[in-house]
Participant: 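Below is the structure I would like to discuss, written out as structure tokens.
Both ligands and their constituent atoms are indexed starting at 1 by order of listing. Worth saying up front: this structure is predicted, and the values here are computed from it rather than measured.
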Amino acid sequence: MSVNNKVAIVTGAASGIGKRIAEVYAANGATVAIADMNLDGANATAKELGGKAIGVKMDVTNEQEVEDGVARVVRDLGQVDILVSNAGIQIVNPIVSFAYADWKKLMSIHVDGAFLTTRACLKNMYARGKGGSIIYMGSVHSKEASKLKAPYVTAKHGLIGLAKVVAKEGAEHGVRANVICPGFVRTPLVEKQIPEQAKELGISEDDVIKKVMLKDTVDGEFTTVDDVAACALFFAGFESNALTGQSIVVSHGWFMQ
Ligand code: NAD
């Protein structure tokens, strides 16, 4: 069970969780395409990984960029074995004042992006006939709701449905699909939310951390990028259809299933 000599595409890997997954895959012998709309960031991450990575400009909501990006990976790296559909954003607001444009933007990155990258990678995986592993970055919000996060919770629940369909359609081709559901991880995505939620809820930033984000964990701790990357390594390296259509929650016990 290993990612050695495999080729992985990790979307949103210029920063945060995706970046750490790319680093861990490369350290375990994979070659990684750092696919991000932020090309400078993608190239910088790829450079840090030396010969084990390339930067690819990919806005996951742009059908042509996704198709071209995956085609380039196949051309330059020879194959695609693993997709980590990870790119994401957060926008917080109560439903009554949620702009429709913000709803559509968030849904598009998380749901359309997952669909487009999955479709492009599946075509290559099926044609090559060597199977593959597709991993979606869900969230505890794939299982639980929080105030102010209507499109995020909706999108993250939706990814579990997509993973189950991919698991069923991909099985005969040896393609597995699973979801990682992290608790709060201190990446730029979360750092941005702390002052926003403090303002919206009328509480201090410290209280947002202790009384909102971590209040239901077993130990008051943030999940780390290393915790999430360890799950991504496990899913990617698993070699049979025994583990497919599943979701794993890594959240310090915030959500127990
Ligand atoms: P981050 O902001 O550190 O990184 C997100 C990356 O996605 C950035 O590099 C950004 O450029 C890229 N991106 C954004 N829109 C894109 C698009 N349209 N196309 C391509 N790339 C795009 O965030 P993160 O915390 O590392 O989040 C990564 C994933 O993990 C997201 O799906 C997020 O919902 C999920 N997640 C995060 C947490 C957390 O607490 N940080 C918890 C659960 C799930």
Participant: Quick one: does Gly41 get a heavy atom under 4.0 Å from ligand 1?
Facilitator: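 Per 4.0 Å heavy-atom rule, Gly41 does not contact ligand 1.
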Participant: Given Ser142, Ala87, Pro182, which one has a non-hydrogen atom that is nearest to atom 13 (N) of ligand 1?
Facilitator: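 Of the listed residues, Ala87 has the closest heavy atom.
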Participant: What part of Val190 sits under 4.0 Å from ligand 1 if we count only heavy atoms: the side chain, the backbone, both or neither?
Facilitator: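 It is the side chain that touches ligand 1; the backbone stays farther off.
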Participant: Quick one: which of Val249, Val179, Ile180 gives a side chain to side chain contact (heavy atoms under 4.5 Å, CB included) with Cys231?
Facilitator: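 It is Ile180; the other options fail the test.
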Participant: Could you list which atoms of ligand 1 come closer than 4.0 Å to a heavy atom of Met137?
Facilitator: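 The list of qualifying atoms is 29 (C), 30 (O), 35 (C).
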Participant: Partners of Phe98 by ring pair (Phe, Tyr, Trp, His ring centres under 6.0 Å), sequence neighbours excluded?
Facilitator: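 Phe98 satisfies ring pair (Phe, Tyr, Trp, His ring centres under 6.0 Å) with no other residue.
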Participant: For atom 24 (P) of ligand 1, which protein heavy atom lies nearest, and how many Å away is it?
Facilitator: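 So the nearest neighbour among protein heavy atoms is Thr187 OG1, 3.5 Å.
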Participant: Under 4.0 Å, heavy-atom basis, I'd like to know which part of Asp59 is in contact with ligand 1: side chain, backbone, both or neither.
Facilitator: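 Looking at Asp59 and ligand 1, atoms from backbone and side chain both fall under 4.0 Å.
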Participant: If we only consider heavy atoms of Asn86, is any one of them less than 4.0 Å away from an atom in ligand 1?
Facilitator: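 The answer is yes, since Asn86 has a heavy atom less than 4.0 Å from ligand 1.
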Participant: Would you say the side chains of Ser247 and Lys143 form a donor-acceptor pair under 3.5 Å?
Facilitator: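 Result is yes, a qualifying pair exists.
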Participant: Side chain, backbone, both or neither: which part of Lys156 comes within less than 4.0 Å of ligand 1 when only heavy atoms are counted?
Facilitator: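 It is the side chain that gets close, since no backbone atom is under 4.0 Å.
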Participant: In terms of residue, atom name and distance, what is the protein heavy atom nearest to atom 11 (O) of ligand 1?
Facilitator: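 Atom 11 (O) of ligand 1 sits closest to the protein heavy atom Asp36 OD1, 2.6 Å.
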Participant: Taking CD1 in Ile95 as the centre, count heavy atoms belonging to other residues, nucleotides or ligands within less than 6.0 Å. Is the count above 12?
Facilitator: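 Atom CD1 in Ile95 is not packed in, count stays at 12 or less.
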Participant: Taking the minimum heavy-atom distance to atom 2 (O) of ligand 1, which of Val250, Leu189, Leu39 ranks first?
Facilitator: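 It is Leu189 that holds the nearest heavy atom.
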Participant: As an exercise, state the distance from CG of Asp81 to CD1 of Ile9, rounded to the nearest 0.5 Å.
Facilitator: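 Answer rounded to 0.5 Å: 10.0 Å.
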Participant: For His110, which part has a heavy atom under 4.0 Å from ligand 1: side chain, backbone, both, or neither?
Facilitator: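 Side chain only.
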Participant: Between Lys123 and Glu67, does any side-chain N to carboxylate O distance fall below 4.0 Å?
Facilitator: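 Salt bridge between Lys123 and Glu67, a charged N being under 4.0 Å from a carboxylate O: yes.
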Participant: For the pair Glu48 and Lys19, find out whether any cationic side-chain nitrogen is under 4.0 Å from an anionic carboxylate oxygen.
Facilitator: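 Yes.
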Participant: Return the CG to CE distance between Asp68 and Met58, rounded to the nearest 0.5 Å.
Facilitator: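 CE of Met58 is found 9.0 Å from CG of Asp68.
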Participant: Enter the distance from Asn38:CG to Ser15:OG here, rounded to the nearest 0.5 Å.
Facilitator: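 One gets 8.5 Å once the value is rounded to the nearest 0.5 Å.
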Participant: Please check whether Val60 reaches ligand 1 - meaning an N/O of the residue sits under 3.5 Å from an N/O of the ligand, judged on distance alone.
Facilitator: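 Yes.
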Participant: Scan for ring-ring contact (aromatic ring centres under 6.0 Å, His included) pairs involving residues 123-145, sequence neighbours excluded, and state none if there are none.
Facilitator: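 Qualifying pairs: Tyr126-His173, His141-Tyr152, His141-Trp254.
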Participant: Looking only at distances, can you tell me whether any N or O atom of Ala13, backbone or side chain, sits closer than 3.5 Å to an N or O atom of ligand 1?
Facilitator: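 Such a contact does not occur with ligand 1.
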Participant: Consider every N or O of Ile109 and every N or O of ligand 1, then say whether any pair is closer than 3.5 Å.
Facilitator: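 There is no such contact.
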Participant: Specify the closest pair of heavy atoms between Glu221 and Thr217, including all atoms of both residues, with the distance to one decimal.
Facilitator: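 That would be N-OG1, 3.7 Å.
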Participant: Check contact between Gly183 and ligand 1, using heavy atoms of the residue and a distance below 4.0 angstrom.
Facilitator: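 Right, Gly183 reaches ligand 1.
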Participant: Taking only non-hydrogen atoms of Gly138, do any sit less than 4.0 angstrom from ligand 1?
Facilitator: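 Yes, that is the case, since the closest heavy atom of the residue is under 4.0 Å from the ligand.
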Participant: As an exercise, identify every atom of ligand 1 less than 4.0 angstrom from a heavy atom of Phe184.
Facilitator: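 Close to Phe184: 40 (O).
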Participant: Considering heavy atoms of the protein only, find what lies nearest to atom 1 (P) of ligand 1 and give residue, atom and distance to 0.1 Å.
Facilitator: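 The closest heavy atom on the protein side is Ser15 OG, 3.6 Å.
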Participant: Identify the protein heavy atom lying closest to atom 38 (C) of ligand 1, giving its residue, its atom name and the separation to 0.1 Å.
Facilitator: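 Nearest protein contact, heavy atoms only, for atom 38 (C) of ligand 1 is Ile17 CD1, 3.9 Å.
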Participant: Are Val60 and Leu116 packed together at the side-chain level, in the sense that at least one heavy-atom pair is separated by less than 4.5 angstrom?
Facilitator: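 Side-chain contact under 4.5 Å: no.
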Participant: With a 4.0 Å cut-off on heavy atoms, is Tyr152 touching ligand 1?
Facilitator: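 Tyr152: in contact with ligand 1 (<4.0 Å).
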Participant: Can you check which of Met37, Lys19, Gln193 brings a heavy atom nearest to atom 16 (C) of ligand 1?
Facilitator: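 It is Met37 that holds the nearest heavy atom.
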Participant: Taking atom CD of Glu239 and atom OG of Ser133, what is their separation to the nearest 0.5 Å?
Facilitator: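 The CD atom of Glu239 sits 10.5 Å away from the OG atom of Ser133.
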